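Input: a single structure, listed below in C-alpha cells.
All residue numbers refer to positions in the sequence shown, counting from 1. Bear in mind that the values here come from a model prediction, so they are computed numbers and not experimental data.
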Amino acid sequence: MEIFLFRHGKTGYNLEGRYLSETDLSLTREGIEELSPAGFNPGRVYTSPYLRTKETAEILFPGCEQVEIPEFSEMNFGIFEGKTAKEMEEDPDYQAFVDSFCELPIPGGECRKDFCKRVTWAFLKLLSEQKEEPLVLVVHGGTIMAICEAFGEPKKSYFDYHIPCGKGYKGELFVSPTGEIKIRELRIQ
C-alpha cells in the first residue's frame, strides 16, 4: 500500500522558529503560496485537529474528506510553547531537555517517548481499520518523525526524518515475513 506523510505548511510560529504544538494557528500567506494540489485524490485524508493541518490538506487535496485523529497532534511542548530556542537559552528546564536529546519530559508537556507511543498507537489503529489506498496523512513534523522512526526501513533515528513545512514522504507500507509493519522506499515529495 502506498503511504504519503505530509507536514503542514508554514505558520507564523514556524517562520519565527517558535515551538508550536497546541497553539492553533492558520497558515501564513507564504505557507499557502508554497503549496499546490498534489495531483491525485486519495478519497480520504487523515489530519490532526489543528487548522494548519486541515488547511494544508484542503490545498493539497481539494474537496477530499478529512478525518481528524487527535493522537496525531504534535508533541505537547508545555512551557516551551510559543518560545524560540534563543529566548530559552538561559532556561535550565530547556537546557536539560536539549542536553537529554529531547528525552526528558517538558514541564507541562510530554516526553518524546510518550509522544511517540501515542502516535504509533494511533497509526497502528488506523492501519487496522484502513482498507483504502493510498493512505494519506497531513500532520506535523514530530508526528511524521515518530511514525518513520518506528516503521521506516532501513532504520534511522527520529531526527533523521525531520522534514520542512509543506513537504512530505512517500513510501510503501508492507508487512514483513515476521509480521512487522514497515514503510520502505521513503522518498521526499
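Gln189 places no side-chain N or O within 3.5 Å of a backbone atom of Lys170 that could act as its donor or acceptor partner. Using modelled atom types, no side-chain atom of Arg18 and backbone atom of Tyr13 make a donor-acceptor pair closer than 3.5 Å. Using a distance-only test at 3.5 Å, with no hydrogens or angles considered, no donor-acceptor pair links the side chain of Lys83 to the main chain of Tyr19. Side-chain atoms of Arg7 do not come within 3.5 Å of backbone N or O of Lys167 as any donor-acceptor pair. Between the side chain of Glu149 and the backbone N or O of Tyr161, no donor-acceptor pair lies under 3.5 Å. With hydrogens and angles ignored, the 3.5 Å screen pairs no side-chain donor or acceptor of Ser48 with any backbone N or O of Pro70.
Classified by interplanar angle (parallel below 30°, tilted 30° to 60°, perpendicular above 60°), the ring pair Phe4/Phe6 is parallel.
More than 12 heavy atoms of other shown residues, nucleotides or ligands fall within 6.0 angstrom of atom CZ in Arg187. Enclosure of atom CZ in Phe174 by more than 12 non-hydrogen atoms of other residues, nucleotides or ligands within 6.0 angstrom is indicated. Within a 6.0 Å sphere centred on NZ of Lys155, other residues, nucleotides and ligands contribute more than 12 heavy atoms. Taking a 6.0 Å sphere around CD of Glu103, one finds it holds more than 12 heavy atoms contributed by other residues, nucleotides or ligands.
Using a 4.5 Å heavy-atom cutoff, the side chains of Pro134 and Phe40 are in contact. Taking 4.5 Å as the limit, every side-chain heavy atom of Val138 sits out of range of all side-chain heavy atoms of Phe72. Counting heavy atoms from C-beta outward, Tyr50 and Ser73 have side chains that approach closer than 4.5 Å. At a threshold of 4.5 Å between non-hydrogen side-chain atoms, the residues Thr47 and Val67 do not count as touching. Between Glu74 and Leu20, the closest side-chain pair of non-hydrogen atoms is not below 4.5 Å.
Across all non-hydrogen atoms, the minimal contact from Glu71 to Ala122 is CB-CB, 3.4 Å. Contact detail for Asn76 and Gly108: the closest heavy-atom pair is OD1-O, 3.8 Å. Of all the heavy atoms in Val45 and Ala57, the pair that sits closest is CG1-CB, 4.0 Å. Here the closest heavy-atom approach between residue Met88 and residue Phe80 is recorded as SD-CD2, 3.5 Å. Minimum heavy-atom separation, Leu27 to Glu55: N-OE1, 2.8 Å. The shortest heavy-atom contact between Leu35 and Gly166 is CD2-CA, 3.7 Å.
Atom CD1 of Ile79 and atom CG of Asp91 lie 5.5 Å apart (nearest 0.5 Å). Note that OH of Tyr169 is 12.5 Å distant from CD1 of Ile3, once rounded to the nearest 0.5 Å. The CZ atom of Phe77 sits 6.0 Å away from the CD1 atom of Ile106 when rounded to the nearest 0.5 Å. Annotation: the span from Ile147 atom CD1 to Leu186 atom CG amounts to 10.5 Å, rounded to 0.5 Å. If you take SG on Cys102 and CD on Glu110, they are separated by 13.0 Å, rounding to the nearest 0.5 Å. Distance check: Asn41 CG to Glu65 CD gives 10.5 Å after rounding to the nearest 0.5 Å.
At least one test fails for Arg112 against the ring of Phe115: distance under 6.0 Å to the centre or angle within 45° of the axis.
Connection of Phe123 to Tyr158 is established within a shared hydrophobic cluster, with ILVMFWY side chains joined at heavy-atom distances below 4.5 Å, either directly or through further cluster members. If you chain together hydrophobic residues whose side chains sit under 4.5 Å apart, Ile163 and Leu135 fall into the same group. Phe151 and Leu127 fall within the same hydrophobic cluster, where Ile, Leu, Val, Met, Phe, Trp and Tyr residues are linked whenever their side-chain heavy atoms come under 4.5 Å apart, directly or through other members. Tracing side-chain contacts under 4.5 Å through hydrophobic residues (I, L, V, M, F, W, Y), one never reaches Leu104 starting from Tyr94; they form parts of separate clusters. Under the 4.5 Å side-chain heavy-atom criterion for grouping Ile, Leu, Val, Met, Phe, Trp and Tyr, Leu124 is connected to Met145 within one hydrophobic cluster.
In the model, Glu81 has a side-chain atom that pairs as donor or acceptor with a side-chain atom of Thr23 under 3.5 Å.
Applying the side-chain contact (heavy atoms from CB on, under 4.5 Å) rule to Asp114 yields the partners Cys111; only residues at least two apart in sequence or on another chain are considered. With sequence neighbours excluded, the residues satisfying side-chain contact (heavy atoms from CB on, under 4.5 Å) with Thr28 are Lys10, Leu15, Glu30.
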Checking Leu126 against Ile69 for the side chain to side chain contact (heavy atoms under 4.5 Å, CB included) test, could you report, in this order, the C-alpha distance in whole Å, the side-chain angles of both residues, the deciding distance, and whether it holds?
CA-CA 9 Å; Leu126 175 61; Ile69 299 186; 4.1 Å; yes
**Study point:** Steps toward side chain to side chain contact (heavy atoms under 4.5 Å, CB included) verdict (Arg44, Tyr46)
**Key:** CA-CA 7 Å; Arg44 180 177 294 158; Tyr46 297 92; 3.0 Å; yes
Ignoring hydrogens and angles, write down the donor-acceptor pairs under 3.5 Å from the side chains of residues 177-185, residues two or more places apart or on other chains.
unit_1: Thr178; atom_1: OG1; unit_2: Ser176; atom_2: OG; d: 2.9
unit_1: Thr178; atom_1: OG1; unit_2: Glu180; atom_2: OE1; d: 3.2

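Each of His8, Glu68, Gln66 was evaluated against Lys54; a single residue qualifies, Glu68, per the side chain to side chain donor-acceptor pair (under 3.5 Å) test. Screening Val136, Val139, Leu137, Thr143 against Leu5 for a side-chain contact (heavy atoms from CB on, under 4.5 Å) leaves a single residue, Leu137.
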